[in-house]
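Below is one structure; the comments refer to it alone.
Note that the coordinates shown come from a computational prediction; the quantities given were computed from them, not determined experimentally. So that the names make sense, note that chain A is the first sequence line, chain B the second, and so on, each numbered from 1.
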Protein chains: 2
Amino acid sequence: MAAENKKQDKREAILNAAENLFAKHGYDGVTLRAIAKEAGVDVALANYHFGPKRDLFDAVLLRRAQILNSWRLEALEATVQKAAPNPPDVKDIIRAYFEPLFKRSQVQEPGWKSYYALIAYVNSSPEWGGTLMTQFFDPMIHRFLAVLKTALPGVPDKSVYWGYHCLSGALTLAFAQTGRIDHLSNDLCKSDDLPDACDYIVDFVAAGFSDMIAASEKETATL
Amino acid sequence: MAAENKKQDKREAILNAAENLFAKHGYDGVTLRAIAKEAGVDVALANYHFGPKRDLFDAVLLRRAQILNSWRLEALEATVQKAAPNPPDVKDIIRAYFEPLFKRSQVQEPGWKSYYALIAYVNSSPEWGGTLMTQFFDPMIHRFLAVLKTALPGVPDKSVYWGYHCLSGALTLAFAQTGRIDHLSNDLCKSDDLPDACDYIVDFVAAGFSDMIAASEKETATL
DNA sequence: CTAGAATTTCAACAATTGTTGAAGACGTAA
DNA sequence: TTACGTCTTCAACAATTGTTGAAATTCTAG
């Protein structure tokens, strides 16, 4: 076990360094030499383990994607089962999307925080937001949307999708950790306290979805 | 006039090319040669007009910032005056933040669309989101937040700031134009139809803010 | 211990980067 | 025209980029 750990020592060090730097400066803002230096490793080693730079980027994304997806799906199915046979509350669904991000890993391993920031970068990147996010997270998200629709009967699909878009945007900006809200609020809000941020975002987003029910009821009533 | 136009022809061409490319690929993803080529100009000319690369980036941001800020503030003050002496509706305040983005320029000049995408890039960038957004847009946003607070009596400031953060995140992701929502919704939602997107975002965000009033009333009722 | 495979480093490559100074082209006013 | 200041291009720079093949090291199985 310890031998196995040591064997892949430098390979993981490269992934960690790449994860951290890509999250901070984006794909083009990071050189392989900067990654190698932070990992305490020669430049050529990155190419040996992962091939070209772009493949290293994919490897960083892939490493934690499946773990995160499974965490979220577990939380979601637990929520569904607890409410069965009724659909779950909207807020509980949102929570199942948010809480797995913190419960287990946040403190234990700071790499996850970098990973979330990296996803934020990818998600809002015009180059890769459309393709990479789809590639790594689509099945999990489709399941969430399906459950969400059961909790929003009579709401048009288009509203649900744009609602998810708002949710994703809010989450993305929070994890990007720009520190902007700190300035704006005179340090009343701290952008590095992600669990606290998510509490507020959950309430805000859940209200946005719940209002769709009222709106669609009003619509059908007038017909 | 026409002479003045021609005089600054290439200078503006450089700004336009830089705006477009920076929005698509980020600061580090664009070379001065790529900008020069798209502008139909020699590489050295960018440096002559704007100095180092970083200063060109700032020049692109600055060019439209004041215009956009004044448009938004005009719309906001009109909303305030129309509702006076009462505070405006939350939804009207949000609209005053969104509508100036489209009314005048969207169709006339496609450069604005690139500019919005560029702001999306800057806003979600860990490197510059905290500083550059503050530098260019803070006074306008503080005015919006002040008006928003008048429409949300009894709501804690912290909730308002996080609400704005959600608003900003949703808007940012929409303008990033990643095409992700198109995939996700099977082309039910079109990420390049920004006015349509914003209609949905306005409703969603306004509901998030409005719910804060109900929540704070419930809180004070139980005390 | 030894041979061979896997890992890591070293040295160097061609290509590209931002930047610069000198030379040329342009417009303008005398 | 001439002369001058602005704008634009040309050519080249040192530095940095991703990548590669060979050498050196470490690990592992027999």
Side-chain angles (χ1 to χ4, degrees), chain A residues 1-63 118 121-122 125 127-128 132, chain B residues 1-63 118 121-122 125 127-128 132:
Chain A
M1 177 78 97
E4 180 70 18
N5 232 352
K6 193 161 195 181
K7 184 185 173 187
Q8 303 230 328
D9 231 2
K10 305 203 166 183
R11 189 189 144 97
E12 294 261 320
I14 292 173
L15 284 174
N16 292 337
E19 184 175 61
N20 177 38
L21 291 174
F22 281 143
K24 280 185 189 151
H25 308 110
Y27 179 79
D28 294 299
V30 176
T31 70
L32 289 175
R33 281 173 173 82
I35 295 174
K37 189 174 183 181
E38 174 150 321
V41 153
D42 186 86
V43 203
L45 194 58
N47 200 289
Y48 169 77
H49 278 300
F50 303 100
K53 183 186 179 185
R54 175 55 206 271
D55 289 4
L56 169 60
F57 190 71
D58 284 347
V60 171
L61 278 181
L62 184 59
R63 177 167 61 150
L118 181 60
Y121 164 76
V122 172
S125 154
E127 300 196 82
W128 301 320
L132 279 186
Chain B
M1 177 80 96
E4 180 71 17
N5 234 352
K6 193 161 195 181
K7 185 183 173 187
Q8 303 229 329
D9 231 2
K10 304 202 168 183
R11 189 190 144 96
E12 294 261 319
I14 292 173
L15 284 174
N16 291 337
E19 184 175 60
N20 178 37
L21 292 174
F22 281 142
K24 280 185 188 152
H25 308 110
Y27 178 78
D28 294 299
V30 176
T31 69
L32 289 176
R33 282 174 174 80
I35 295 174
K37 189 174 182 180
E38 174 151 322
V41 152
D42 187 84
V43 204
L45 194 58
N47 199 287
Y48 170 77
H49 278 301
F50 303 100
K53 183 186 179 185
R54 176 53 207 271
D55 290 2
L56 169 60
F57 189 73
D58 284 346
V60 171
L61 278 181
L62 184 59
R63 176 167 61 149
L118 181 60
Y121 163 76
V122 171
S125 154
E127 299 195 83
W128 301 319
L132 279 187

[N] [atom2] sits how many Å from [X] [atom1], rounded?
X       : N      : atom1 : atom2 : value
A:Ile35 : D:dT17 : CD1   : P     : 11 Å
A:Leu45 : D:dA24 : CG    : P     : 18 Å
B:Arg11 : C:dG27 : CZ    : P     : 19 Å
B:Leu32 : C:dG18 : CG    : P     : 4 Å
A:Asp28 : D:dT16 : CG    : P     : 18 Å
B:Lys37 : C:dT17 : NZ    : P     : 11 Å
B:Arg33 : D:dT16 : CZ    : P     : 16 Å
B:Phe50 : D:dT6  : CZ    : C1'   : 15 Å

Out of [options], whichever nucleotide has its closest atom nearest the side chain of [X]:
X       : options                : answer
B:Asp42 : C:dT19, D:dT9, D:dG21  : D:dT9
B:Val43 : C:dT19, C:dA12, C:dG21 : C:dT19
A:Thr31 : D:dT17, D:dG21, D:dA12 : D:dT17
A:Lys10 : D:dT19, D:dT8, C:dT9   : C:dT9

(message) Between A:Ile35 and A:Val43, is there a side-chain heavy-atom distance shorter than 4.5 Å?
(response) no

(request) Would you indicate whether the side-chain heavy atoms of A:Leu61 and A:Phe22 approach each other to under 4.5 Å? (result) no

Output yes when at least one side-chain N/O atom of [X] is less than 4.0 Å from OP1 or OP2 of [N], else no.
X       : N      : value
A:Asn47 : D:dT20 : yes
B:His49 : D:dT6  : no
B:Tyr48 : D:dC7  : yes

(message) If I compare all heavy atoms of B:Asp28 with all of B:Lys53, which pair ends up nearest, and what's the gap?
(response) CA-NZ, 4.3 Å

(request) Considering non-hydrogen atoms only, spot the tightest contact between A:Ala13 and A:Ala39 and give its length. (result) O-CB, 3.6 Å

(message) Using only atom types and a distance under 3.5 Å, with no angle test, would you say the side chain of A:Tyr27 pairs donor to acceptor with the backbone of B:Gly29?
(response) no

